[in-house]
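Numbered from 1 within each chain, the chains take letters A, B, ... in sequence-line order.
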Number of protein chains: 2
Amino acid sequence: MSTPGTVESVVTDPKLVGERRQQIVSAATKLFSEQGYYSTTIQHIAREAGISVGLIYQYFRDKDDVLFLSLKLVLETYENEIPAALEGIDHPLERLCAAIGAYCRVVDKLREATVLTYRSTKSLRADRRIFIKDGEIRTNRLLEACLRACIAGGHLRPVNDHLLVYQYVLFAHAWALKQWALRDRYSLDEYVEEGIKLLVEPFLTDKGRAAMARFKRKQRRRD
Amino acid sequence: MSTPGTVESVVTDPKLVGERRQQIVSAATKLFSEQGYYSTTIQHIAREAGISVGLIYQYFRDKDDVLFLSLKLVLETYENEIPAALEGIDHPLERLCAAIGAYCRVVDKLREATVLTYRSTKSLRADRRIFIKDGEIRTNRLLEACLRACIAGGHLRPVNDHLLVYQYVLFAHAWALKQWALRDRYSLDEYVEEGIKLLVEPFLTDKGRAAMARFKRKQRRRD
DNA sequence: CCCATGAATGAATGAGCATTCATTCATGTC
DNA sequence: GACATGAATGAATGCTCATTCATTCATGGG
């Protein structure tokens with residue numbers, strides 16, 4: 001029982017389980033994000049979700065389970081939305097920029113919850129912590145693939161792709177982590193644009209620079 | 001009473017206060033880092049420090065106070081060690097690289113405690129949280145000054161210095177935050193070197209590139 | 001209409017832990 | 001050596017939760 005990625009429920013109807021858990025996790029994520037894991041009580045969560053305390057224990061074994069599914073949901077959103085944003089984009093460079101932009105936009109949407117992953121991953125049981133980290137690695141790979149394609153296509157000069165991807169990730173996360181310092185200096189779009197100037201453009205080859213200029217013109221026409 | 005940056009003590013002898021607090025904070029930092037703030041009890045801290053529970057309350061008003069001084073110590077270490085590492089270095093570029101290297105080295109030394117600042121700053125009372133953030137801003141300014149000097153001296157081309165400094169900070173913090181992913185790929189020195197390749201070298205002017213080459217030769221001779 | 005089954009409730013339990021404080025200890029002073 | 005002062009102790013207090021479970025509610029089939 002209790003494989004790392006799974007959470008057990010007393011209730012059997014899968015549809016109901018899905019709905020109730022969604023309801024509980026959504027309330028929990030809000031409260032965990034605002035006040036942290038330990039300051040949030042099961043009674044708070046129940047009130048916020050509009051259900052009784054006991055009901056939570058019909059759908060989760062314990063509080064750790066609730067945190068786990070909350071964090072898992074955040075990571076899954078990353079894993080879903082970034083590929084979705086790349087849909088239909090062909091040029092490697094454009095894909096890379098889109099991926100960075102998408103990452104930042106997801107972080108923006110899940111600002112509080114992203115901070116939560118930094119604050120609370122360590123509060124999880126060890127096996128689940130690893131599970132969550134794997135999710136992060138999977139997301140990184142999405143970016144890494146975009147970056148590698150740019151290098152392979154000769155649009156970016158060869159660089160330490162592994163580390164550069166980390167910089168992209170950190171750049172996106174910073175939008176949530178350092179919100180207090182960035183918020184009143186940049187809009188989200190400006191932030192992304194400046195990020196690309198710092199973390200993509202310096203590595204462009206001549207070929208890449210030409211392609212990039214084309215996109216920028218195209219984009220300006222779209223605005 | 002209780003100005004944000006101060007902590008009150010029942011004990012009056014300043015020397016004793018300094019020693020005991022050091023002893024308590026050191027134990028607390030260790031435990032907070034390992035298990036988090038809420039899972040660490042005052043009784044744990046007392047045992048780890050080899051003193052009684054009651055004594056902690058002679059030197060700290062409450063548990064929040066202990067966390068606060070722990071975090072404050074980390075920030076102060078940053079603020080002290082980075083300038084110390086720049087001592088006697090004149091060339092702006094060399095200062096910038098030294099500052100980045102020093103930052104990474106402090107993070108390495110305080111690896112667990114640095115993670116703690118991310119996990120637990122929000123557990124502090126609001127006014128103290130601001131105090132801690134100010135400390136971070138002050139540290140950033142150290143780096144910003146180095147970076148600006150490089151630009152002013154024509155060694156780096158003009159860039160968004162504010163954001164680039166954040167990338168430096170994140171790069172250093174990542175050494176602690178993403179330890180599990182970086183540890184077995186890079187030694188600390190390699191990490192710093194690769195960081196400079198990604199976050200400094202791309203912005204070098206011709207003049208800067210020449211200067212950089214000189215330092216590298218000098219450094220190789222030193223090894 | 002009567003049961004059986006699964007869902008939902010929320011008061012009660014009990015463990016854990018921050019904080020207090022009555023007491024003891026160490027020292028310096030006269 | 002008696003006293004005063006400040007340090008140190010750790011058992012006791014009281015509060016805050018996670019978790020349980022006896023009970024109630026809703027439904028659907030017979």
Give the C-alpha distance, both sets of side-chain angles, the deciding distance and a yes or no for ring pair (Phe, Tyr, Trp, His ring centres under 6.0 Å) between B/Tyr191 and B/Phe171.
CA-CA 9 Å; B/Tyr191 184 71; B/Phe171 179 78; 4.1 Å; yes

Can you list the residues that meet the salt bridge (Lys or Arg N to Asp or Glu O under 4.0 Å) rule with B/Arg183, with sequence neighbours excluded?
none

Start and end of the DNA chain C segment that chain B contacts, any atom under 4.0 Å from a heavy atom:
C/dC17 to C/dT20

Cation-pi geometry met for A/Lys122 and A/Tyr37 (6.0 Å, 45°)
no

Regarding B/Tyr59, tell me which of base, sugar-phosphate or nothing describes its non-hydrogen contacts under 4.0 Å with the strands shown.
sugar-phosphate

Decide yes or no for B/Leu198 and A/Phe203: does some side-chain heavy atom of the first lie under 4.5 Å from some side-chain heavy atom of the second?
yes

Across the strands shown, which category fits A/Arg47 at heavy-atom distances under 4.0 angstrom: base, sugar-phosphate, nothing?
nothing

Spacing between A/Asp62 atom CG and D/dA18 atom C1', to the nearest angstrom:
9 Å

Is B/Lys197 salt-bridged to B/Glu194, cutoff N-O under 4.0 Å?
yes

Whichever of B/Ser52 and A/Tyr38 has the more 5' nearest nucleotide on DNA chain D, that residue is B/Ser52

Ignoring hydrogens, what is the shortest heavy-atom contact between A/Ala98 and A/Leu86? Give both atom names and the distance.
CB-CD2, 3.8 Å

Nearest whole Å is fine: how far is D/dC17 P from A/Gln35 CD?
10 Å

Please report the distance, rounded to the nearest Å, between CG in A/Asp64 and P in D/dC17.
18 Å

Classify A/Ser39 by what it touches in the nucleic acid, base, sugar-phosphate, or nothing, heavy-atom distance under 4.0 Å.
nothing

